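Have a look at the structure below before the remarks.
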Amino acid sequence: MQLTKITFILTFLTIFICTTYGQGYKNPVIPGFHPDPSICKVGDDFYLVNSSFEFFPGVPIFHSKDLVNWEQIGHCLTRPSQVNLEKIGASGGIYAPTIRYNNGIFYMITTNVSDKGNFIVHTKNPAGEWSEPVWLEQKGIDPSLYFEGDTCYLTSNPDNCIYLSEINPITGEQLSPSKAIWTGTGGRYPEGPHIYKKDGLYYLLISEGGTEYGHKVTIARSKNIDGPYESNPANPILTHIGKEAQMNPIQGTGHADLTQANDGSWWMVCLAFRPQSGLHHVLGRETFLAPVNWEKNAWPIVNGNGIISLNMEVPTLPLQPIKKSLSTNFEEDELGFEWNYLRNPNLNNYELNSKKGSLRLKATPILLDDVDSPTFLGRRQEHIQFTATTKMELFNAKNGDEAGLTVFRNNTAHYKILLKQDDTGKRILALSYRLGELSHTISEIKIPRGSVYLQVKGENDYYSFAFSTNGTDYKFIDKLDVRYLSSETNGGFTGAYIGLFATSKNKTTNAYADFDLFNYLPK
Ligand code: 6LW
């Protein structure tokens with residue numbers, strides 16, 4: 001009897017704790033190329049944005065109730081009038097954004113490094129359309145906003161220093177001179193500034209060390225918003241550069257933002273990367289979550305020791321898992337938010353036929369190698385181990401026209417498995433690459449006309465490419481190293497995409513490809 005009572009109480013307590021405070025979560029909370037996270041809370045809803053560089057639409061926006069499960073609800077920059085990406089270089093375009101909410105309005109501030117610099121868009125509905133941009137005078141990257149009553153402050157980092165000014169966030173007008181407020185603790189690239197007010201003090205959170213292995217988050221505080229700022233003696237509050245995190249599968253932690261949940265708990269979102277195949281990171285910088293202990297009048301402490309892990313064994317907000325489909329048969333009326341174009345797309349070259357369940361991509365003379373807008377639709381590689389498969393057929397093709405599946409880092413680093421046509425009208429399936437100045441076709445196989453399944457499998461060291469004519473029996477073609485698509489090899493700030501494309505080496509072409517499915521399965 002006694003035992004039954006104890007078992008009952010224990011079971012009740014476990015259910016109560018697990019539903020009230022979810023137990024543990026896995027990092028990254030938003031996997032794949034989702035760098036420079038910024039977060040804000042409205043009621044019990046959290047919103048998060050990421051940088052997007054040369055990809056369109058710009059600045060993906062996510063929603064969550066628990067900080068762990070995130071659902072993409074749209075993009076902040078959906079119109080070319082907001083985001084000019086015409087012929088911009090790889091990793092140009094949209095750098096780190098900040099999202100803030102004040103008096104019923106959401107603001108997203110960011111930099112188009114390939115256009116006029118810092119700008120703000122706003123909206124009442126973050127899942128809807130955002131305003132046209134207003135451009136700002138203050139230079140530097142990683143602009144952020146801090147609201148106090150009706151006053152709005154801007155921070156950014158011209159000249160390797162954090163500057164502050166007062167602005168009108170609706171018109172963009174600068175209302176006070178820019179003032180230098182902190183240079184950080186001596187690490188290179190002081191950036192990603194955000195101001196918060198707690199217990200009567202202004203806290204200035206920044207990143208230093210550059211977005212590499214030496215990345216770190218530091219913090220300073222002041223009685224006055226414009227300083228002088230006193231550095232936390234325990235800085236950095238987050239970094240994986242020390243020997244304690246030497247073997248950690250997460251590296252390069254930095255570029256953070258803080259939020260407080262309704263239960264009083266503090267949380268940090270930050271970027272980091274997961275090296276694979278030695279010291280290469282291929283997926284880009286991803287979004288991670290860490291609990292923060294921030295006592296009254298004290299400095300914030302991130303996850304106890306400034307180190308985070310893949311399996312976070314900490315209490316969370318009550319978890320509200322989200323069902324996500326990573327695959328499509330193109331039967332929905334619109335493509336999911338995970339799909340991106342390169343630079344400003346010509347939408348006439350894309351036709352979604354939801355009744356037929358097919359996506360038509362029309363070839364143009366713009367190649368994946370060009371600093372331009374080839375016919376390309378891709379989604380981020382979010383998992384080190386995955387299988388992506390598409391079923392496709394090529395129509396109206398001449399020699400020089402091609403379409404298929406690409407693992408795409410940028411215009412000078414991509415792998416392609418594709419269909420093309422030779423001079424005699426024979427159908428060829430090919431595997432080729434572009435790596436820096438090297439372009440090479442590894443394999444050309446004559447196959448019968450008709451639909452073909454193209455497949456790429458990602459593993460720690462290699463991508464393996466295969467094809468099938470019946471969707472069941474796959475013929476392995478070859479494997480290619482992941483590390484040649486990494487940030488260490490290519491530089492830049494983006495990550496790998498799995499894309500569908502149609503291109504032509506001819507001056508004019510009527511070729512097009514119909515894609516009937518796209519399956520993306522993590523292992
Ligand atoms: C971003 C800067 C950074 O603007 O990388 O990791 C730059 N931090 O803050 C590009 O994402």
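Whatever order the structure lists ligands and atoms in, that order sets their numbers, starting from 1. Since this is a predicted model, take the numbers as computed values, not measurements.
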Show the numbers, then the answer: is there a side chain to side chain contact (heavy atoms under 4.5 Å, CB included) between Val292 and Trp267? CA-CA 5 Å; Val292 175; Trp267 297 87; 5.5 Å; no

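- Among protein residues, Asp36, Phe53, Tyr95, Ala96, Ile141, Asp142, Glu191, Thr211, His215, His255, Leu271, Arg285, Phe493 come within 4.0 Å of ligand 1, judged on heavy atoms.
- Of the possible donor and acceptor atoms, one in the side chain of Asn248 sits under 3.5 Å from a partner among the backbone N and O of Ile308.
- Around CG of Asn297, the count of heavy atoms belonging to other residues, nucleotides or ligands within 6.0 Å exceeds 12.
- Gln174 and Ser178 are linked by a side-chain donor-acceptor pair at a separation below 3.5 angstrom, with hydrogens and angles left out of the test.
- A cation-pi contact links Arg379 to Tyr520, judged by a cut-off of 6.0 Å to the six-membered ring centre and 45° from its axis.
- For the pair Asn50 (side chain) and His34 (backbone), a donor-acceptor distance under 3.5 Å is present.
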